[in-house]
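First comes the structure, then the notes that go with it.
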Amino acid sequence: MNRIIRASAPAKVNLVFEVGPLATDGYHPVNSLFLALNLREELTLVAGNPGTGVSIYVHGDTLPEAHINAVPTDHQNLVYKTAVLFSQRLDMPKPDLQIDIHKRIPVAGGMAGGSADAAAMLVAINEFMHLEHGTPKLSLEELAVIGAELGSDVPFCLYGGMAIGTGRGQIIEPLEPLQMETHWLLCASGKGLSTPTVFHEFDELGKHGTFSDLGSFAQVSSIAELGSRMTNDLEPAAFSLMPALSEVVTHLEELGAVRAMVSGSGPTIAALFESEAKAEAVAKVLTAEGLFALTTTGMAQGSTLDS
Ligand code: C5P
């Protein structure tokens, strides 16, 4: 019987995103506080017929159709790149795989949707290669090294929880769990923002921040304190490229969010609430206004193999 491997990985929000000036390697050094959210990409992998290569099918029933349609299903998909890179690292030929991606994370939204797909694929293909071809299973740390080559957020999507990310965001230092559950409303835009474009706009604006000590976040004991410490150095760049975003932030705070902020490079707005009921009530208001909003919670586990 054809073996089915299932894996999932979480969305992220950057509670703090401090960004330094462009470095010679083309990346910006960052000091980031990541939190994983219970909004997970689910990936299913089965062996394909010999010689068919990697085929990818993307679907989802909770996101606007434009988001699903924006995901490439060919060699440009990060999951495809993950399959190729993982096989190379194990000195194996490119595998024949059929992969199904159930998308729940807004696409090109600053929530690590593509990175979560890659992180889920890394644990899935690690298991698949071991069971089918007897290759040694790589550790989480080894998977994170491969993940870092695929995208700066992939290692965090593997680890999950709450963590500090440095370097270009790929060097992960897990922190003690937050002492409380957090409730979030995510307001996704109809159009995505390209990460390099937002970083470029950040350079144009010429206002890079300084790096603070993020280790103390694990001791934060109230939602109000957490909200007051949220910052994102990329927010002015995202506002400059999509001015309507700042109105959404103001609107969400007027509607009762403890704090609303662009997530990562945007354009998704992540709004923190005191309770699930309040987040859901505001999501209803936004939906009635024609915006796309969903609610979720944090923290969440990193990539898992699911039965
Ligand atoms: O690592 P990832 O593939 O997600 O990065 C996409 C692009 O975003 C990079 O090519 C770079 O232009 C920009 N980036 C950056 N500094 C970072 C992370 C990403 O300039 N720390």
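As the structure lists them, so they are numbered: ligands from 1, and atoms in each ligand from 1.
For atom 8 (O) of ligand 1, the closest heavy atom belonging to the protein is Thr195 CG2, 3.4 Å. Phe199 CE1, 3.5 Å is the protein heavy atom nearest to atom 19 (C) of ligand 1. Protein heavy atom at the shortest distance from atom 11 (C) of ligand 1 is Gly26 O, 4.0 Å. Scanning all protein heavy atoms for the shortest distance to atom 7 (C) of ligand 1 gives Pro196 CG, 3.8 Å.
Heavy atoms from both the backbone and the side chain of Tyr27 come within less than 4.0 Å of ligand 1.
Put simply, the side chain of Arg104 gets close to the backbone of Arg40: a donor and an acceptor are under 3.5 Å apart.
Looking only at side-chain heavy atoms (C-beta outward), Leu22 and Phe202 stay at 4.5 Å or farther from each other. The closest side-chain heavy-atom distance from Glu235 to Phe239 is below 4.5 Å.
Ligand 1 places these atoms under 4.0 Å from at least one heavy atom of Gly151: 1 (O), 3 (O). Each of the atoms 15 (C), 16 (N), 17 (C), 20 (O), 21 (N) of ligand 1 lies under 4.0 Å from some heavy atom of His28. Of all atoms in ligand 1, numbered sequentially from 1 with element shown, those under 4.0 Å from a heavy atom of Ser152 are 1 (O), 2 (P), 4 (O), 18 (C). Listed by atom number, the atoms of ligand 1 under 4.0 Å from Arg168 heavy atoms are 1 (O), 17 (C), 18 (C), 21 (N).
Atom CE in Met121 sits 10.0 Å away from atom CD1 in Ile5 (nearest 0.5 Å).
Every N/O-N/O distance between Asp153 and ligand 1 stays at or above 3.5 Å.
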> Does the salt bridge (Lys or Arg N to Asp or Glu O under 4.0 Å) test come out yes or no for Glu41 and Lys103, once each step is laid out?
Replying inline: CA-CA 5 Å; Glu41 300 282 84; Lys103 285 209 81 69; 2.4 Å; yes
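The pair Arg168-Asp25 does not count as a salt bridge, with every side-chain nitrogen at least 4.0 angstrom from each carboxylate oxygen.
Aromatic ring centres of Phe199 and His28: separated by under 6.0 Å.
Ligand 1 is approached by Val30 to a heavy-atom distance shorter than 4.0 Å. The shell of residues lying under 4.0 angstrom from ligand 1, judged by heavy atoms, excludes Gly169.
The cationic atom of Arg3 (NZ for Lys, CZ for Arg) does not lie both less than 6.0 Å from the six-membered ring centre of Phe128 and within 45° of the ring axis.
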